[in-house]
Amino acid sequence: MDDCLFCKIVAGEIPAEVVHTTERTVAFRDVNPQAPTHVLVVPKDHYADAAALAAGDPETSAELVRTAAAVATAEGHGADYRLVFNTGAGAGQTVFHTHLHVLAGRDLGWPPG
Ligand code: DGP
């Protein structure tokens with residue numbers, strides 16, 4: 001997708017602090033962190049949201065979660081972290097390239113806002 005921000009980060013056309021990569025995923029720090037650890041895990045291929053990725057490429061969908069767990073462990077939060085997919089503008093999705101938020105390092109209230 002020519003106009004997709006996260007496709008450009010995956011391609012290295014826009015800088016980001018990449019913390020982990022796998023065959024199918026890239027993990028980089030969120031530019032507006034909401035916790036001491038706030039990393040976004042994205043598929044290298046473009047899918048608009050989590051459901052589209054799960055339908056179109058279930059193995060990569062699972063790899064996103066494995067990558068998120070590896071990031072949480074690497075950052076010292078392997079036992080306590082939160083994974084979030086905002087899906088749809090009404091739920092707070094602002095970038096329409098699937099991304100899994102990994103949040104850790106502070107008390108995380110429930111329910112989320
Ligand atoms: P969401 O609201 O769930 O679509 O999350 C999008 C996230 O993307 C948001 O937490 C901020 C982050 N973000 C937006 N633009 C950039 C960027 O250029 N670089 C990085 N690293 N993160 C970005």
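Owing to the predicted nature of the structure, the values given are computational and were not obtained by experimental measurement. These numbers come from the heavy atoms of this one structure, side chains and all, not from hydrogens, waters or symmetry mates. First listed ligand is number 1; within each ligand, the first listed atom is number 1.
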- Item | Side-chain heavy-atom pair Phe6, Phe28 within 4.5 angstrom cut-off |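 Yes; the side chains approach each other to less than 4.5 Å.
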
- Query: Under a 4.5 Å cut-off applied to non-hydrogen side-chain atoms, are Asp57 and Pro43 in contact?
  - Reply: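 No, too far: nothing below the 4.5 Å cut-off.
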
N/O pairs closer than 3.5 Å, ligand 1 and protein:
| residue | atom | partner | partner atom | Å |
| --- | --- | --- | --- | --- |
| ligand 1 | 2 (O) | Gly92 | O | 2.7 |
| ligand 1 | 2 (O) | Thr94 | OG1 | 3.1 |
| ligand 1 | 3 (O) | Asn86 | ND2 | 2.8 |
| ligand 1 | 3 (O) | His99 | NE2 | 3.0 |
| ligand 1 | 3 (O) | His101 | NE2 | 2.8 |
| ligand 1 | 4 (O) | Thr94 | N | 2.7 |
| ligand 1 | 4 (O) | Thr94 | OG1 | 3.2 |
| ligand 1 | 4 (O) | Val95 | N | 3.1 |
| ligand 1 | 4 (O) | His99 | NE2 | 2.9 |
| ligand 1 | 5 (O) | His99 | NE2 | 3.0 |
| ligand 1 | 5 (O) | His101 | NE2 | 3.3 |
| ligand 1 | 10 (O) | Asp30 | OD1 | 3.2 |
| ligand 1 | 10 (O) | Asp30 | OD2 | 2.5 |
| ligand 1 | 21 (N) | Arg29 | O | 2.8 |
| ligand 1 | 22 (N) | Val31 | N | 3.2 |

- Query: Only one of Leu53, Leu100, Thr98 forms a side chain to side chain contact (heavy atoms under 4.5 Å, CB included) with Ser61, so which one is it?
  - Reply: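 Only one option passes, and that is Leu53.
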
Throw together a table of side-chain donor-acceptor distances under 3.5 angstrom for residues 13-20, partners on residues two or more places apart or in other chains.
| residue | atom | partner | partner atom | Å |
| --- | --- | --- | --- | --- |
| Glu17 | OE2 | Arg29 | NE | 3.1 |

- Can you tell me how far CZ of Arg82 sits from CZ of Arg106, rounded to the nearest 0.5 angstrom?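 These two atoms lie 8.0 Å from each other.
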
- Item | Pair Gln93-Thr87, side-chain donor/acceptor within less than 3.5 Å |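 No, no side-chain donor-acceptor contact under 3.5 Å.
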
